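Keep in mind the model is a prediction, meaning the values are calculated, not measured. The residues of the chain are indexed from 1 along the displayed sequence.
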Amino acid sequence: MGRAEELRHLVENGRIAFRAIQAYCHQPYVGDMTLIRVDSANAHSDPMLGWQALVLGELSVHTMPGTHQQMVVPPYVEALAAILRREIE
């Protein structure tokens with residue numbers, strides 16, 4: 001695949017994703033949910049990031065260090081694993 005063809009492919013995928021996002025209709029979730037957020041999201045005024053409007057059960061919120069991209073790589077992934085371990089047990 002040439003560079004121009006690759007670029008056209010990326011642009012078309014972006015258009016498809018954008019249309020899907022526009023068409024999506026949020027539905028309430030009947031159950032409990034665990035939200036794991038990163039402390040770089042602290043600038044957001046809502047600690048639940050809007051999820052409380054969709055989760056009809058208990059919403060458990062945990063904050064960990066790093067960014068969204070860093071949360072799955074060392075050393076941050078250890079904090080994520082600890083949260084998941086506590087929630088599963």
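Heavy atoms of other residues, nucleotides or ligands lying less than 6.0 angstrom from CZ of Arg19 number more than 12.
One N or O on the side chain of Arg37 and one on the backbone of Pro47 form a donor-acceptor pair closer than 3.5 Å. Judged purely by atom type and a 3.5 angstrom limit, Asp32 has no side-chain atom pairing as donor or acceptor with the backbone of Gly57. Of the possible donor and acceptor atoms, none in the side chain of Asp39 sits under 3.5 Å from a partner among the backbone N and O of Thr63.
Atom CG of Leu84 is separated from atom OG1 of Thr34 by 8.5 Å, given to the nearest 0.5 angstrom. We find the NE2-CG distance between His62 and Leu80 to be 10.5 Å, quoted to the nearest 0.5 Å. Atom CD in Glu87 sits 7.0 Å away from atom CD1 in Ile36 (nearest 0.5 Å). Rounding to the nearest 0.5 Å gives a distance of 5.0 Å between CH2 of Trp51 and CE of Met33.
His26 is linked by a ring pair (Phe, Tyr, Trp, His ring centres under 6.0 Å) to Tyr24, counting only residues two or more places apart in sequence or in another chain. Here Thr67 pairs with Gln70 under the side-chain hydrogen bond (donor to acceptor under 3.5 Å, both in side chains) rule; sequence neighbours left out.
Between Glu12 and Arg15, at least one side-chain nitrogen of the basic residue sits less than 4.0 Å from a carboxylate oxygen of the acidic one, meeting the salt-bridge criterion.
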Report the C-alpha distance between Ile83 and Arg86 in whole Å, list the side-chain angles of each, state the deciding distance to 0.1 Å, and finish with yes or no for side-chain contact (heavy atoms from CB on, under 4.5 Å).
CA-CA 5 Å; Ile83 293 168; Arg86 283 193 308 272; 3.4 Å; yes
Under the side-chain contact (heavy atoms from CB on, under 4.5 Å) criterion, do Met48 and Val55 qualify, and how do the steps go?
CA-CA 11 Å; Met48 296 183 184; Val55 177; over 6 Å; no
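Residues Leu54 and Gln27 form no side-chain contact, since every pair of their non-hydrogen atoms from C-beta on lies 4.5 Å or further apart.
At a threshold of 4.5 Å between side-chain heavy atoms, the hydrophobic network of Ile, Leu, Val, Met, Phe, Trp and Tyr places Val77 and Val38 in two separate groups. Linking ILVMFWY side-chain heavy atoms closer than 4.5 Å, directly or via other members, places Ile16 and Phe18 in two distinct hydrophobic clusters. Cluster membership check: Leu49 shares its hydrophobic cluster with Val61, using side-chain heavy-atom separations under 4.5 Å among Ile, Leu, Val, Met, Phe, Trp and Tyr.
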